[in-house]
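Written out below as structure tokens is the structure these notes cover.
Small disclaimer: the values here were computed from a predicted structure and weren't measured.
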Amino acid sequence: MLDQIHWLAAVTVLGVLEQAYFFLQVIYARRLFGISPPKISGPPEFERIFRAQVNSSEYFPIFLALLWQAGLFCHQGLAAALGLLYLYARYCYFMGYKASSSERLAPIYFSAGVLWILLAVSALGILHFFLSHYVGLNVLQLLTA
């Protein structure tokens with residue numbers, strides 16, 4: 001069983017570490033700009049870092065659900081590769097947003113595209129499972145025949 005999920009687990013750990021890095025960036029920015037919790041407003045430089053972290057946190061559960069569904073129902077390697085691509089895009093988003101609000105746009109669109117691909121892979125994998133398990137129709141065999 002573990003050989004079927006080890007890549008998904010590794011990408012999950014990397015994602016958690018990335019989230020931790022984003023959290024630390026907010027802590028450093030709070031210290032740099034003298035903004036104590038629970039305040040969330042301050043100079044634009046702080047607000048961009050704070051928003052980048054919050055936005056990344058909001059999408060993280062969606063990413064995890066799609067990563068695991070795509071990996072379990074379709075292919076672990078494909079899902080893990082897409083997961084790494086998503087994490088890289090999120091890192092670029094964070095760094096771009098930290099620099100300027102306009103620098104966040106290309107990476108956010110790219111990461112959203114990766115999420116849509118993960119959603120499609122998940123849905124196709126789940127559909128294939130239902131068709132083969134409950135209807136007895138193996139679409140992959142029909143396609144290769």
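A chain of hydrophobic side-chain contacts below 4.5 Å, direct or via other Ile, Leu, Val, Met, Phe, Trp or Tyr residues, connects Phe50 to Met95. Cluster annotation: Tyr59 and Ile49 are assigned to distinct hydrophobic clusters (Ile/Leu/Val/Met/Phe/Trp/Tyr, side-chain heavy-atom contacts under 4.5 Å, transitive). Residues Tyr97 and Phe63 fall into different hydrophobic clusters, defined by Ile, Leu, Val, Met, Phe, Trp and Tyr side chains chained together at heavy-atom separations under 4.5 Å. Cluster annotation: Val114 is not connected to Tyr93 through the hydrophobic network of ILVMFWY side chains, with a link wherever side-chain heavy atoms come within less than 4.5 Å. Both Leu72 and Tyr134 belong to a common hydrophobic cluster when Ile, Leu, Val, Met, Phe, Trp and Tyr are linked at side-chain heavy-atom distances under 4.5 angstrom.
Qualifying ring-ring contact (aromatic ring centres under 6.0 Å, His included) partners for Phe129, counting only residues two or more places apart in sequence or in other chains: Phe73, His133. For Leu14, the side chain to side chain contact (heavy atoms under 4.5 Å, CB included) partners at least two apart in sequence or on another chain are Leu84, Leu87. Tyr86 meets the side-chain hydrogen bond (donor to acceptor under 3.5 Å, both in side chains) test with Arg90; sequence neighbours excluded. Contacts of His6 classified as side-chain hydrogen bond (donor to acceptor under 3.5 Å, both in side chains), with partners at least two apart in sequence or in another chain: none. Applying the side-chain hydrogen bond (donor to acceptor under 3.5 Å, both in side chains) rule to Ser122 yields no partners; only residues at least two apart in sequence or on another chain are considered. For Trp68, the side-chain hydrogen bond (donor to acceptor under 3.5 Å, both in side chains) test picks out Thr12, with sequence neighbours left out.
The side chain to side chain donor-acceptor pair (under 3.5 Å) analysis of residues 74-85, with sequence neighbours excluded, yields no pairs.
The shortest non-hydrogen separation linking Ile108 to Leu105 is CG2-O, 3.1 Å. Closest approach of Ala52 to Phe94, counting heavy atoms only: CB-CD1, 3.4 Å. Across all non-hydrogen atoms, the minimal contact from Val11 to Ala80 is CG2-O, 3.7 Å. Ser111 and Ala89 make their closest contact through CB-CB, 3.7 Å (heavy atoms, listed as atom of the first residue, atom of the second, distance). Of all non-hydrogen atoms in Ala70 and Val121, the two that sit nearest each other are CB-CG1, 3.7 Å.
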Side-chain donor-acceptor pairs under 3.5 Å in residues 33-40, sequence neighbours left out?
none

N/O donor-acceptor pairs under 3.5 Å from side chains in residues 16-29, not counting sequence neighbours:
residue: Gln19; atom: OE1; partner: Ser57; partner atom: OG; Å: 3.2
residue: Gln25; atom: OE1; partner: Lys98; partner atom: NZ; Å: 3.0

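Interatomic distance, Ile62 CD1 to Leu118 CG, rounded to the nearest 0.5 Å: 12.0 Å. Here CG of Leu131 is found 10.5 Å from CG of Leu124. Values are rounded to the nearest 0.5 Å. Here CZ of Phe110 is found 11.0 Å from CG of Leu115. Values are rounded to the nearest 0.5 Å.
Few gaps surround CZ on Phe60; more than 12 heavy atoms of other groups in view lie less than 6.0 Å from it.
Residue Tyr88 is found outside any hydrophobic cluster, as its side-chain heavy atoms come under 4.5 Å of no other Ile, Leu, Val, Met, Phe, Trp or Tyr.
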